[in-house]
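Reading through the structure tokens given below for one structure.
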2 protein chains.
Amino acid sequence: MAVVPAEGDDRAAPCAGPRAPGRPRSSVADAAIVAAAIDSLEADGFDGLTVDGVAARAGVSKATIYRRYPSKIELVLAAAQQCIGDIPIPLDTGSLRGDLEATARKLVALVSDTPAGRIMPMLVAEISRNAELRDAFRDYIGCRRMISMEIAQRALARGELRADTDVDVMVDVLAGPIFYRSLVSGGPLDDNFLTHLVDAVTRAYAI
Amino acid sequence: MAVVPAEGDDRAAPCAGPRAPGRPRSSVADAAIVAAAIDSLEADGFDGLTVDGVAARAGVSKATIYRRYPSKIELVLAAAQQCIGDIPIPLDTGSLRGDLEATARKLVALVSDTPAGRIMPMLVAEISRNAELRDAFRDYIGCRRMISMEIAQRALARGELRADTDVDVMVDVLAGPIFYRSLVSGGPLDDNFLTHLVDAVTRAYAI
DNA sequence: CGAATACAAGACTCTTGCGTCTCGTAACTC
DNA sequence: GAGTTACGAGACGCAAGAGTCTTGTATTCG
């Protein structure tokens, strides 16, 4: 079973033929279901989410959900996938410190102001027990890391970066404290924090 | 309701009188129940834990559990509390870098080799939804931070630390990447990582 | 011994939630 | 209009799990 089998659509014709007979699926319901599932994940976690609850929240009947997803787990995975779907463009501000700060700000915005950030705590718990979800999530993390690698490449080319830099560690030194405050300590993610963090990473890694 | 009401003991006499009549509670069962609960938390998470499961794992009957804890939630909280109970002694190796490395090694050991580390992912999810548990956990985090503060005080006294250091951020720059790898990215927590991390923090904050 | 309590085993009630199904209605194609 | 599918509403069966209770036995005190 693939992690996210597109959607349980039997009707999303592989052949984009003329059209399926009968009343078409409501795309409004499609969106409402996923949005409601994300809301439920944020509020109640992976285990706390109920299909009845999602149906009520979305204003649809359970049958409408089960017509799209064969089981609760498929629904949950589709919602989680939707959250973490978009990967931002690599930033190039022209300097190492500028790139670091822009990256840090993006990360803070991610964990603070997006559904992905709000379900992150539940995702952390879930990937510690679900190998399939863990692999999918690690793939996603890997993609994000590639962006940071580009920052390091550019900084090296500019001669701004220490030659002995372990780029993996540098990325973690920047991202780790942001996730740590968001997930664990609950410390503020304000401008003061961001400035001190970016300063520290710059001092640690700039030539 | 206190976070952890000692234990649901009606018999743990406030007056340390002569002795309660009848057969005393089995301390073997006490320990087995908590250990089984911790195992269950690691394996199944806060929601996945079942009282029947803990009873089976501990080799006791459900009545024996309910005689000690009035409800499942009290059992779970007692188990969680047990995990994160011990706070290590502040380290003084004589140098900032030494203190940082010792602290980092303790943290890696904590997240890698202790029940506390293994239930951490579930704890992260739970504190995002349970205010009571969140407060208790933040208290614990606060206590740990005090230790790191001492490290900074000593380093300042030695003249090793930059005067403009934000100690809170410094602590997060050290601890954040360790938790990040443990909880999120799954990256290795080996000697190479530790060395590079401690080097980076030292470069960022030492004079 | 008798009283009191703990214990294992397990039956029991009650609630919750998954997944299925039916019914009457709505939307779309031919 | 006929046929087909989606929809909301909700009933339904089923399983899992919380918490209670019973029964027979074990342990401790006086």
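As the structure is a computational prediction, the values presented were derived from the model and not from experiment. A note on names: the letters A, B, ... follow the listed sequences, proteins ahead of strands, and every chain is numbered from 1.
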For [X] and [N], what is the distance between atoms [atom1] and [atom2] respectively, to the nearest whole Å?
X        : N       : atom1 : atom2 : value
Ile33(B) : dC7(C)  : CD1   : C1'   : 11 Å
Lys62(B) : dT13(C) : NZ    : C1'   : 11 Å
Lys72(B) : dA18(D) : NZ    : P     : 5 Å
Arg68(B) : dA8(C)  : CZ    : C1'   : 13 Å
Asp52(A) : dG8(D)  : CG    : C1'   : 14 Å
Asp47(B) : dA18(D) : CG    : P     : 11 Å
Arg25(A) : dT4(D)  : CZ    : C1'   : 14 Å
Ile65(A) : dG17(C) : CD1   : C1'   : 13 Å

Quiz prompt | From CA spacing to verdict: salt bridge (charged side-chain N to carboxylate O under 4.0 Å, His left out), Arg145(B), Asp172(B) | solution = CA-CA 10 Å; Arg145(B) 290 188 87 80; Asp172(B) 290 348; 3.0 Å; yes
Exercise. Report which part of the nucleic acid Gly53(A) touches: base, sugar-phosphate, or nothing (heavy-atom distance under 4.0 Å, all strands).
Key: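 Answer is nothing: Gly53(A) stays at 4.0 Å or more from every strand.
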Exercise. Would you classify Leu49(B) as touching base, sugar-phosphate or nothing, given that sugar-phosphate means primed atoms plus P, OP1 and OP2, and contacts are heavy atoms under 4.0 Å?
Key: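 It contacts sugar-phosphate atoms only.
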Practice problem: Report the C-alpha distance between Asp30(A) and Arg25(A) in whole Å, list the side-chain angles of each, state the deciding distance to 0.1 Å, and finish with yes or no for salt bridge (charged side-chain N to carboxylate O under 4.0 Å, His left out). | Solution: CA-CA 8 Å; Asp30(A) 289 343; Arg25(A) 296 243 178 108; over 6 Å; no
Exercise. Consider the side chain of Tyr66(A), meaning its heavy atoms from C-beta on, and name the nucleotide among dC28(C), dG8(D), dT20(C) that approaches it most closely.
Key: dT20(C)
Quiz prompt | Which nucleotide in dA9(C), dC21(C), dC7(C) has an atom nearest any side-chain atom of Ala63(B) | solution =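 Nearest nucleotide to the side chain: dA9(C).
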Quiz item: Does Arg67(A) have a side-chain nitrogen or oxygen under 4.0 Å from the phosphate oxygens OP1 or OP2 of dT20(C)?
Solution: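 False: Arg67(A) side-chain N/O out of range (4.0 Å or more) of dT20(C) OP1/OP2.
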Exercise. Taking only the side-chain nitrogens and oxygens of Ser71(A), find out if one of them lies under 4.0 Å from OP1 or OP2 of dC18(C).
Key: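 Answer is no, no contact under 4.0 Å.
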Quiz prompt | Lys62(B) bridged to Asp52(B) by N-O distance under 4.0 Å | solution = yes
Quiz prompt | Sidechain N-carboxylate O distance under 4.0 Å for Asp47(A), Arg129(B) | solution =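 Salt bridge absent between Asp47(A) and Arg129(B).
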Quiz prompt | Closest approach of Leu161(A) to Tyr205(A) (non-hydrogen atoms, all atoms of both residues) | solution = CD1-O, 3.5 Å
Quiz item: Quick one: the side chain of Arg23(A) and the base of dA26(C), do they pair up donor-acceptor inside 3.5 Å?
Solution: yes
